K.L.:
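Before I ask anything, let me first share the structure, which is written out below as structure tokens.
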Protein chains: 2
Amino acid sequence: MTATGFETHDHSACISTALAAAETCCTEHRLQFTKVRRRVLEILLHEHRALGAYDILAVLAGEGLGAQPPVAYRALEFLVSNGFAHKIEKLNAYIACSLPGQDHSPVFMICRSCQTVVEAQTVLPAGQLAQVARDAGFDIERAVIEAEGTCPACRNSKDAASDAPGTKA
Amino acid sequence: MTATGFETHDHSACISTALAAAETCCTEHRLQFTKVRRRVLEILLHEHRALGAYDILAVLAGEGLGAQPPVAYRALEFLVSNGFAHKIEKLNAYIACSLPGQDHSPVFMICRSCQTVVEAQTVLPAGQLAQVARDAGFDIERAVIEAEGTCPACRNSKDAASDAPGTKA
DNA sequence: ATCTGTAATGTAATACTATATCAACCCGCA
DNA sequence: TGCGGGTTGATATAGTATTACATTACAGAT
């Protein structure tokens with residue numbers, strides 16, 4: 001059990017569910033869910049945080065699945081372009097999608113303190129961003145929305161720490 | 001005259017206005033608006049698109065103002081942290097702020113076709129993003145919002161092209 | 001069963017982006 | 001005059017990503 005959303009959950013179940021979903025989706029769309037691609041998705045799912053391409057590459061290399069950058073980048077590119085993973089631009093890192101299969105425009109909340117990344121959804125054609133774009137005559141195709149801040153758990157422990165002066169942050 | 005917003009405007013005026021605003025702001029806050037920092041801001045203002053740190057460095061080097069990466073990165077860090085410029089995460093590139101002085105949470109519209117970047121403002125505590133964060137108990141400190149798409153000019157020329165079959169895209 | 005074209009992989013080299021470190025300098029000020 | 005903070009110079013290196021090309025695996029056609 002580790003955290004997603006910002007709550008705890010059954011982690012191994014969420015990994016196998018996501019993996020199965022990806023498998024199904026690839027079959028449906030005639031995509032090849034190869035060994036490396038599958039393994040990279042597994043690695044991402046195993047953490048609920050963003051991993052750098054070279055972190056992933058290190059794991060792959062340790063398993064004899066390829067040691068050169070393109071191996072990792074190609075798998076990541078496949079996963080990202082088919083919606084099984086996302087890139088967090090702010091971190092130059094990658095994370096498994098928490099709602100694979102459906103076409104969506106994700107928004108991420110990145111905790112500055114524990115590095116946990118949580119994915120949520122917005123409706124792109126609604127909201128201020130869309131209004132601004134409409135006003136400018138700009139046609140939005142994709143949007144990167146990444147919020148940096150403090151997650152509930154870290155905020156609480158920070159509050160607790162400041163309640164106890166003498167405990168250094 | 002080049003484009004900002006997505007309209008044309010008096011470019012040299014916008015450069016000198018922004019430069020003057022930065023100067024004033026630095027004086028007020030006891031910040032040193034040094035030669036390199038000023039020059040980097042000028043370079044950014046001169047284009048209404050995002051420039052990579054090494055693009056800027058190349059210009060500086062050509063002028064004898066420093067040829068090593070830290071020169072550019074230090075100046076950019078100063079400009080970004082004081083709100084005179086922003087980093088476009090999606091592009092790993094930097095752009096002059098179009099509303100310097102005021103504390104703000106910018107949103108960018110990046111044209112995939114001509115690379116023009118336009119800055120607009122949103123009210124962070126409003127909108128879907130804030131709602132999502134509130135629901136999750138997440139405390140947003142900063143947000144990166146970058147929309148990719150097609151600007152009015154490029155969309156029009158694209159439409160014109162597709163009206164004339166035989167003209168290759 | 002073999003051929004063939006496309007997609008995926010292996011591997012090396014390199015490009016691009018960013019930071020760490022430490023010494024030197026400048027300037028305002030006690 | 002000497003101290004201290006912030007800025008700059010310079011070297012090295014870390015971290016992220018792509019190009020290029022040879023090779024292999026595989027699905028579909030013959």
Side-chain angles (χ1 to χ4, degrees), chain A residues 22-23 26-41 43-44 49-82 84-95 115 117 144 146, chain B residues 22-23 25-41 43-44 49-82 84-95 115 144 146:
Chain A
E23 197 128 11
C26 284
T27 306
E28 274 171 14
H29 295 81
R30 307 271 137 80
L31 299 170
Q32 303 184 24
F33 197 46
T34 65
K35 201 164 184 171
V36 177
R37 291 169 179 177
R38 181 190 181 92
R39 185 66 189 116
V40 170
L41 181 54
I43 294 166
L44 289 175
R49 59 193 185 89
L51 293 177
Y54 281 72
D55 295 334
I56 291 163
L57 187 56
V59 177
L60 293 178
E63 298 171 351
L65 274 173
Q68 275 62 45
V71 173
Y73 282 102
R74 286 196 281 236
L76 288 168
E77 147 100 50
F78 172 86
L79 295 174
V80 167
S81 65
N82 291 291
F84 304 131
H86 300 288
K87 179 174 185 184
I88 311 291
E89 297 289 346
K90 179 86 196 179
L91 304 176
N92 291 318
Y94 303 82
I95 191 167
Q115 278 70 252
V117 176
V144 171
E146 298 170 359
Chain B
E23 196 128 10
C25 181
C26 284
T27 306
E28 275 171 13
H29 295 82
R30 308 269 136 80
L31 298 169
Q32 301 181 221
F33 197 47
T34 65
K35 200 164 182 167
V36 177
R37 291 169 180 178
R38 182 191 180 91
R39 186 68 189 115
V40 170
L41 181 53
I43 294 167
L44 288 176
R49 59 194 185 89
L51 294 177
Y54 282 72
D55 295 334
I56 291 164
L57 188 56
V59 177
L60 292 179
E63 298 172 351
L65 274 173
Q68 277 63 43
V71 173
Y73 282 102
R74 285 197 282 235
L76 287 168
E77 147 99 51
F78 172 87
L79 295 174
V80 168
S81 64
N82 292 292
F84 304 131
H86 301 288
K87 178 173 185 184
I88 310 292
E89 297 289 345
K90 179 88 197 181
L91 304 176
N92 291 320
Y94 302 83
I95 190 166
Q115 277 72 250
V144 171
E146 298 170 358

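Basis for what follows: all heavy atoms, side chains included, without hydrogens, waters or symmetry-related copies. Chain naming here is simple, since letters A, B, ... match the order of the sequence lines and numbering starts at 1 in each. Because the structure is predicted, anything quoted here is derived from the model rather than measured.
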K.L.:
Report yes if a side-chain nitrogen or oxygen of A:Asn92 is closer than 4.0 Å to either non-bridging phosphate oxygen (OP1 or OP2) of C:dT17; otherwise report no.
P.N.:
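The answer is no; no side-chain N or O of A:Asn92 sits under 4.0 Å from OP1 or OP2.
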K.L.:
Expressed in angstrom and rounded to an integer, what is the separation of A:Glu77 atom CD from C:dA7 atom P?
P.N.:
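Roughly 14 Å, once rounded to whole Å.
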K.L.:
Looking at residues at least two apart in the chain, or sitting in another chain, which of them share a side-chain contact (heavy atoms from CB on, under 4.5 Å) with A:Gln68?
P.N.:
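Scan of A:Gln68 (side-chain contact (heavy atoms from CB on, under 4.5 Å), adjacent residues dropped) gives A:Pro70.
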K.L.:
Among A:Val40, A:Thr34, A:Leu41, find the residue that satisfies the side chain to side chain contact (heavy atoms under 4.5 Å, CB included) test when tested with A:Arg37.
P.N.:
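One option only clears the test, and that one is A:Thr34.
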K.L.:
Closer than 4.0 Å, any side-chain N/O of A:Lys87 to the OP1 or OP2 of D:dA17?
P.N.:
yes
K.L.:
Quick one: A:Arg30 CZ to D:dC26 P, roughly how many Å, whole number?
P.N.:
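Computing the A:Arg30:CZ to D:dC26:P distance gives 18 Å.
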K.L.:
How would you list, by chain and number, every residue that makes a side-chain contact (heavy atoms from CB on, under 4.5 Å) with A:Ala72, sequence neighbours excluded?
P.N.:
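For A:Ala72, the residues satisfying side-chain contact (heavy atoms from CB on, under 4.5 Å) (neighbours in sequence not counted) are A:Leu57.
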K.L.:
With 3.5 Å as the limit, what N/O pairs link the protein to nucleotides 24-30 of chain C?
P.N.:
none

K.L.:
Just jot down the side-chain hydrogen bond (donor to acceptor under 3.5 Å, both in side chains) partners of B:Gln32, sequence neighbours excluded, or say none.
P.N.:
none
K.L.:
Can you tell me if A:Tyr94 touches the phosphate of D:dA17, counting only side-chain N or O atoms and a distance under 4.0 Å to OP1 or OP2?
P.N.:
yes
K.L.:
Set out, in order, the CA-CA distance, both residues' side-chain angles and the distance that settles side-chain contact (heavy atoms from CB on, under 4.5 Å) for B:Phe84 and B:Leu44, then state yes or no.
P.N.:
CA-CA 10 Å; B:Phe84 304 131; B:Leu44 288 176; over 6 Å; no
K.L.:
Could you tell me how far apart A:Phe33 (CZ) and C:dA7 (P) are, to the nearest whole angstrom?
P.N.:
19 Å
K.L.:
Please list all pairs passing the salt bridge (charged side-chain N to carboxylate O under 4.0 Å, His left out) test where one or both residues lie in residues 50-72 of chain B, with sequence neighbours left out.
P.N.:
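Applying salt bridge (charged side-chain N to carboxylate O under 4.0 Å, His left out) to every pair that reaches into residues 50-72 of chain B, excluding sequence neighbours, yields B:Arg39-B:Glu63.
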K.L.:
To the nearest Å, how far apart are A:Ile88 CD1 and D:dG15 C1'?
P.N.:
18 Å
K.L.:
Going by the rule side-chain contact (heavy atoms from CB on, under 4.5 Å), which residues pair with B:Gln115 if we only count those two or more places apart in sequence or in a different chain?
P.N.:
none
K.L.:
Whole Å only: how far is the OH atom of A:Tyr73 from the P atom of D:dT16?
P.N.:
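In whole Å, D:dT16 P lies 7 Å from A:Tyr73 OH.
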K.L.:
For DNA chain C, what residues of residues 53-66 of chain A have any heavy atom nearer than 4.0 Å?
P.N.:
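Under 4.0 Å from DNA chain C: A:Leu65.
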K.L.:
Quick one: pull up CG in A:Leu79 and CZ in A:Phe33 and give me the separation to the nearest 0.5 Å.
P.N.:
7.0 Å
K.L.:
For a quick check of understanding: with a heavy-atom distance under 4.0 Å over all strands, which category does B:Arg37 fall into, base, sugar-phosphate or nothing?
P.N.:
sugar-phosphate
K.L.:
For residues 86-95 of chain A, dump all side-chain donor-acceptor pairs below 3.5 Å to protein atoms at least two apart in sequence or in another chain.
P.N.:
unit_1: A:His86; atom_1: NE2; unit_2: A:His104; atom_2: NE2; d: 3.2
unit_1: A:His86; atom_1: NE2; unit_2: A:Glu119; atom_2: OE2; d: 3.1

K.L.:
Mind listing the closest non-hydrogen atom pair of A:Ala53 and A:Leu76 along with its distance?
P.N.:
CB-CD1, 3.9 Å
K.L.:
Starting at CZ of B:Phe78 and ending at P of D:dT8, how long is that distance when rounded to a whole Å?
P.N.:
9 Å
K.L.:
Return the nearest nucleotide to the side chain of B:Thr34; candidates are D:dA17, D:dT7, C:dA18.
P.N.:
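Nearest to the side-chain atoms of B:Thr34, counting from C-beta on, is D:dT7.
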K.L.:
With 3.5 Å as the limit, what N/O pairs link the protein to nucleotides 21-23 of chain C?
P.N.:
none

K.L.:
Just need the stems in DNA chain D: three or more back-to-back Watson-Crick or G-U pairs, each with both distances under 3.5 angstrom, sorted by first number.
P.N.:
C:1-30 with D:1-30
K.L.:
Run A:Glu146 and B:Glu146 through side-chain contact (heavy atoms from CB on, under 4.5 Å) and show every step you take.
P.N.:
CA-CA 9 Å; A:Glu146 298 170 359; B:Glu146 298 170 358; over 6 Å; no
K.L.:
Let's see if you can work this out: which of D:dA17, C:dT17, C:dT11 has an atom nearest to the side-chain heavy atoms of A:Gln68?
P.N.:
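The answer is C:dT11, which lies nearest to the side chain.
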K.L.:
Using every non-hydrogen atom in the two residues, find where B:Val36 and B:Leu65 come nearest and quote the distance to one decimal.
P.N.:
CG2-O, 4.1 Å
K.L.:
Go through the structure and list residues passing side-chain hydrogen bond (donor to acceptor under 3.5 Å, both in side chains) with A:Arg49, not counting sequence neighbours.
P.N.:
A:Glu47
K.L.:
For A:Gln32 and for B:Glu89, find the nucleotide of DNA chain C with the closest heavy atom, then tell me which residue's nucleotide is more 5'.
P.N.:
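Of the two residues, A:Gln32 wins.
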K.L.:
Check salt bridge (Lys or Arg N to Asp or Glu O under 4.0 Å) between A:Glu77 and all other residues, then give those that pass, not counting sequence neighbours.
P.N.:
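Partners of A:Glu77 under the salt bridge (Lys or Arg N to Asp or Glu O under 4.0 Å) test: none.
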K.L.:
Measure the distance from CG on B:Leu51 to C1' on C:dT17 and round it to the nearest whole Å.
P.N.:
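Distance check: B:Leu51 CG to C:dT17 C1' gives 15 Å.
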